[in-house]
Amino acid sequence: MRKTAIVTGASRGIGRAIALRLAADGFGVVVNYAGNKAKAEEVVNEITSAGGRALAIQADVANPEDVKQLFEKTLKAFGQIDVVVNNAGIMQLSPIAKGDVETFDKVIATNLRGTFMVFSQAAQHVAEGGRIIAFSSSVLARRLPSYGPYIASKAGVEGLVPVLANELRGHKITVNAVAPGPIATPLFFEGKSEELIKQTASITPLERLGEPDDIAGVVSFLAGPDGGWINGQILRPNGGLV
Ligand SMILES: NC(=O)c1ccc[n+]([C@@H]2O[C@H](COP(=O)([O-])OP(=O)(O)OC[C@H]3O[C@@H](n4cnc5c(N)ncnc54)[C@H](OP(=O)(O)O)[C@@H]3O)[C@@H](O)[C@H]2O)c1
């Protein structure tokens, strides 16, 4: 049977690059999105016009019923799920002193509760030999002011990864997270001045921002045969950011 991957948040940014890469690797790909149907359909068209298999499915990862349906619809369309990449995420900044619980709850609901729900469905449905991949961020180590809700959400993701890896003992399924450094996507650029973008690009020894394809290559490795002995790990593709 040909293999299938679900990529959440695949309508743009890093998720789009992952969907295209996994399709090129031979996976049938579910291109999940939250609201941007047209962009998700563009990704599907790009895959199918290159001879691949893809389907766009709307689901808000912060909504447990949506996540359940995402997995049900994937199984109905493709018959099996081999790889799940929970890339969907949001970044909203707010200093802790402001006490902005709305922002905190929204970021936690999408990034952490979303990962918990996707992990739960993945644990129930991924086939033996499969791969589950979550998304954290290298910004955790930088302790930047205003990043409290985002860093808290990603720290929670890094906590869930080795626990699920242990819970899946005996199923030959690996669970890992990818924690990128700054990557040139809408999430990174939003609200940043030209100067801050330049400054951020220069802080790694490689002196450039990462590109979505830099991360898609890491996911392809984890999802493919060479990644089979990596389990319970957080990979930090970040150009040497400290
Ligand atoms: N860019 C960076 O510098 C960077 C660095 C470290 C980690 N990351 C992580 O990498 C991942 C991807 O980031 P990105 O930069 O590619 O972001 P992006 O360009 O803003 O794209 C976000 C994607 O997630 C989807 N999404 C947002 N909320 C969702 C929800 N509730 N349910 C389902 N899908 C949802 C969006 O769908 P719609 O288009 O439909 O809204 C979109 O496809 C995130 O987890 C982020 O935290 C990014």
Side-chain angles (χ1 to χ4, degrees), residues 6-21 29-44 56-71 73 84-93 103 105-119 121 133-142 144 147 149-158 160-161 177-192 196-197 200-201 203-204 208-216 218-219 234-239 241:
I6 296 176
V7 184
T8 67
S11 50
R12 56 196 157 92
I14 296 169
R16 173 181 179 276
I18 294 169
L20 295 174
R21 177 61 190 264
V29 178
V30 166
V31 176
N32 160 255
Y33 64 99
N36 214 328
K37 185 169 197 244
K39 284 276 171 206
E41 292 294 354
E42 269 177 34
V43 178
V44 168
I57 300 181
Q58 192 280 335
D60 175 355
V61 295
N63 179 329
E65 190 50 39
D66 278 17
V67 176
K68 200 162 164 258
Q69 285 194 26
L70 171 65
F71 279 74
K73 286 176 185 166
V84 173
V85 184
N86 188 42
N87 157 85
I90 57 170
M91 185 172 78
Q92 291 181 358
L93 307 184
T103 296
D105 286 349
K106 189 163 181 222
V107 172
I108 293 289
T110 303
N111 295 359
L112 179 53
R113 205 174 70 150
T115 300
F116 180 76
M117 286 310 306
V118 171
F119 270 12
Q121 287 294 311
I133 301 163
F135 265 73
S136 177
S137 169
S138 283
V139 83
L140 244 76
R142 306 208 66 229
L144 296 180
Y147 280 69
Y150 184 70
I151 285 181
S153 72
K154 296 300 193 181
V157 170
E158 294 199 10
L160 291 174
V161 166
V178 178
I183 308 297
T185 70
L187 177 143
F188 171 77
F189 289 123
E190 200 183 318
K192 291 195 177 71
L196 182 57
I197 291 166
T200 308
I203 57 178
T204 73
R208 67 168 176 88
L209 293 176
E211 293 297 328
D213 282 344
D214 289 319
I215 305 307
V218 175
V219 171
I234 315 295
L235 270 66
R236 304 193 187 281
N238 59 24
L241 184 81

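Both backbone and side-chain heavy atoms feed into the values below; hydrogens, waters and symmetry mates do not. Since the structure is predicted, the reported quantities are computational estimates derived from the model, not experimental observations. Sequential numbering from 1 along the given sequence is applied to the chain's residues. Read the numbers this way: they start at 1 and go in the same order the structure lists the ligands and their atoms.
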Asker: Verify, without hydrogens or angle tests, whether Asn32 (side chain) and Val7 (backbone) share a donor-acceptor contact under 3.5 angstrom.
Answerer: no
Asker: Could you check whether atom NZ of Lys37 has more than 12 heavy atoms from other residues, nucleotides or ligands sitting under 6.0 Å from it?
Answerer: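 No, NZ of Lys37 has 12 or fewer neighbouring heavy atoms, counting only those of other groups under 6.0 Å.
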Asker: How would you list, by chain and number, the residues with a heavy atom under 4.0 angstrom from ligand 1?
Answerer: Gly9, Ala10, Ser11, Arg12, Gly13, Ile14, Asn32, Tyr33, Ala34, Gly35, Asn36, Ala59, Asp60, Val61, Asn87, Ala88, Gly89, Ile90, Thr110, Phe135, Ser136, Ser137, Tyr150, Lys154, Pro180, Gly181, Pro182, Ile183, Thr185, Pro186, Leu187, Phe188
Asker: Between Ser138 (side chain only) and Arg236 (backbone N and O only), is there a donor and an acceptor less than 3.5 Å apart?
Answerer: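 No; judged by distance alone, with no hydrogens or angles, the pair does not exist.
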Asker: Find the distance between CG (Leu70) and CG (Asn63) and round it off to the nearest 0.5 Å.
Answerer: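 The distance works out to 11.5 Å.
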Asker: If only atom types and distance count, is the side chain of Thr8 paired as donor or acceptor with the main-chain N or O of Asn87 below 3.5 Å?
Answerer: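 Yes, Thr8 side chain to Asn87 backbone: donor-acceptor pair under 3.5 Å.
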Asker: Examine distances only and state if a side-chain atom of Asn111 and a backbone atom of Lys154 form a donor-acceptor pair shorter than 3.5 Å.
Answerer: no
